[in-house]
A.B. asks: 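To start, I am sharing the structure in question, which I have written as structure tokens.
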Amino acid sequence: MAVRVRFAPSPTGALHIGGVRTALYNYLFARQQGGTFILRVEDTDQNRFVPGAEDYIIESLRWTGLLPDEGVGFGGDAGPYRQSDRKEIYQKYAHELVARGHAYYAFDTPEALENRRQGEDNFTYNHLTRNSLSNSLTLPAGEVESRLAMAEPFVIRLLVQPGYDIHIRDLIRGDVTFQSGELDDKVLLKADGMPTYHLANIVDDHLMEITHVIRGEEWLPSTAHHVLLYRGFGWEDTMPAFAHLPLILKPVGNGKLSKRDGAKFGMPVFPLGWKGETAEESFTGFREAGFLPEAVINFLALLGWHPGGDREIFNIEDLTASFSIDHIGKSGARFDYEKAKWFNQKYIQAADDAVLATHIRPLAEAKGYLVSDEYLARTAGLMKERVTFLPDFVEQGYYLFEPVRDYDTETLQKKWSAALAQVFDDLIAVVAGTEPFEGEALEEAVKSFIQEKGLKPGDVLPLLRIGLAGTTKGPAVFDMAAVLGKEKTVQRLALLKKQGDQVLQNALSA
Ligand code: GLU
């Protein structure tokens with residue numbers, strides 16, 4: 001049977017990074033099995049609906065490259081893929097389940113239920129309480145009919161009988177057992193005619209011919225109800241296989257990674273930035289922090305999936321080839337932000353300079369740096385071994401786009417000497433006369449000049465770096481000169497000479 005999997009987020013706010021991991025595992029499994037990856041938007045809970053959240057989900061999938069084959073915004077034959085567009089379908093199935101004897105109408109008002117809750121500890125609507133409540137199991141048939149005919153508000157509840165075990169064979173957790181007597185009679189269809197998550201999820205998984213449900217561990221307890229729904233509808237033969245993913249844990253301490261941890265630990269926990277109504281509800285994303293999407297994918301893939309061996313770098317093709325549900329762990333995976341940064345460094349270092357340039361372009365433009373693609377690519381090549389985040393290219397490496405702002409005066413004072421001052425203008429002339437104006441030729445010319453004058457490279461080269469970048473920590477000095485070009489290099493070295501002269505004068509007058 002052709003594999004069909006779905007990512008089924010609810011648009012209740014920014015998509016948590018754990019949701020992106022769920023999407024990724026579904027995507028990888030589909031790609032590997034030659035199957036279909038579907039995006040279904042589960043928006044039946046009107047109270048929790050947040051405008052913009054659906055677009056955010058789609059943009060997150062586009063940014064990470066996890067493009068669905070079918071779904072909201074992507075087309076397909078099993079739609080509509082937005083649950084609020086499928087209301088009538090769920091209503092039909094809810095009533096059908098009543099007719100099949102596996103669900104019932106309940107007329108209890110919210111007030112009546114609230115009274116029961118007040119009066120009883122841990123009140124639940126289940127096999128112990130339903131007989132004393134107002135539903136189609138307790139009311140005479142005629143009354144039920146007349147209440148329905150009078151359009152009295154009702155909900156439809158799943159009828160869960162006590163006394164037997166429900167087994168779920170989970171591809172990650174193995175056999176998981178629930179006792180039916182412990183389950184409540186879940187609402188399937190609400191008084192406003194909207195389905196609950198449980199009903200809509202099962203009806204859609206069935207109609208969309210989903211073969212594998214890969215989702216977060218928090219949905220494991222609901223699965224018992226889901227199995228009963230499949231049975232009730234007579235769909236057990238085509239029930240999907242389940243795989244419940246381990247939790248993503250906080251970087252330190254106990255518990256699940258939460259959206260508050262982002263601010264607490266100074267790291268993103270969302271793929272993209274999100275502008276909420278308050279500052280507290282607004283979050284930065286991996287994209288805005290300056291991550292390459294490929295690095296985020298690699299990082300997330302290893303958050304719960306253990307391929308075995310020491311290898312850590314897997315691009316999306318490698319992941320598709322090696323991924324297997326068998327190697328997903330049961331225990332929670334710690335969200336290690338330092339590791340995410342490490343992946344980003346590795347992916348930046350390995351990236352093509354021209355590709356990096358396309359990522360740096362908007363950052364450079366925001367700072368008013370108007371340069372050619374070629375120049376950007378060359379600066380990328382120069383800096384990529386030294387940065388962690390994309391904005392570092394224009395922030396740490398600002399001197400490749402504008403004059404040096406800060407000089408390492410301490411090193412300048414320590415290293416500048418009268419001997420150097422004497423020959424520095426000649427050194428500038430040598431630099432200016434070097435053809436071609438390229439790293440290797442410059443290195444050769446300057447090094448032989450240094451030797452000729454009886455100076456040591458260690459005394460001169462750090463100063464040249466300070467001249468071009470303001471710091472000794474910049475890129476290799478001759479490559480930097482080549483990128484800056486003759487004119488700027490010569491100007492900056494002349495400025496350095498002036499500063500050196502000042503250092504000597506200060507020393508004399510001190
Ligand atoms: N709408 C649920 C969520 O927001 C989907 C859970 C599932 O995949 O069944 O996570």
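Atoms within each ligand, like the ligands themselves, are counted from 1 in listed order. The analysis underlying the following values was restricted to heavy atoms, covering all of them including side chains, and did not include hydrogens, waters or symmetry mates.
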A.B. asks: Looking just at side-chain N and O atoms, do His225 and Asp184 make a donor-acceptor pair shorter than 3.5 Å?
C.D. replies: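 Present: a donor and an acceptor within the cut-off.
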A.B. asks: Check the side chains of Ser10 and Glu42 for a donor-acceptor pair under 3.5 angstrom, ignoring hydrogens and angles.
C.D. replies: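 Short answer, no.
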A.B. asks: Please determine, by modelled atom types, if Gln118 and Glu114 share a side-chain donor-acceptor pair under 3.5 angstrom.
C.D. replies: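 Yes.
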A.B. asks: May I ask you to identify the nearest protein heavy atom to atom 8 (O) of ligand 1, giving residue, atom name and distance to one decimal place in Å?
C.D. replies: Arg6 NH1, 2.7 Å
A.B. asks: With no hydrogens and no angle check, do the side chains of Thr36 and Asp69 hold a donor and an acceptor under 3.5 Å apart?
C.D. replies: no
A.B. asks: Would you call Glu218 a ligand 1 contact, heavy-atom distance under 4.0 Å?
C.D. replies: no
A.B. asks: Show the atoms of ligand 1 that are less than 4.0 angstrom away from any heavy atom in Glu42.
C.D. replies: 1 (N), 2 (C), 5 (C)
A.B. asks: Please report which non-hydrogen protein atom sits nearest to atom 2 (C) of ligand 1, along with the residue it belongs to and the distance in Å to one decimal place.
C.D. replies: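 Here the closest protein heavy atom is Ala8 O, 3.3 Å.
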A.B. asks: Specify side chain, backbone, both or neither for Asn201, according to which of its non-hydrogen atoms lie closer than 4.0 Å to ligand 1.
C.D. replies: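 For Asn201, only side-chain atoms sit under 4.0 Å from ligand 1.
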A.B. asks: Please check if any side-chain donor atom of Asp204 sits under 3.5 Å from a side-chain acceptor atom of Tyr90, or the reverse.
C.D. replies: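 Asp204 vs Tyr90: donor-acceptor pair found between side chains.
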A.B. asks: For ligand 1, is any non-hydrogen atom under 4.0 Å from Trp219's backbone (N, CA, C, O), its side chain (CB onward), both, or neither?
C.D. replies: side chain
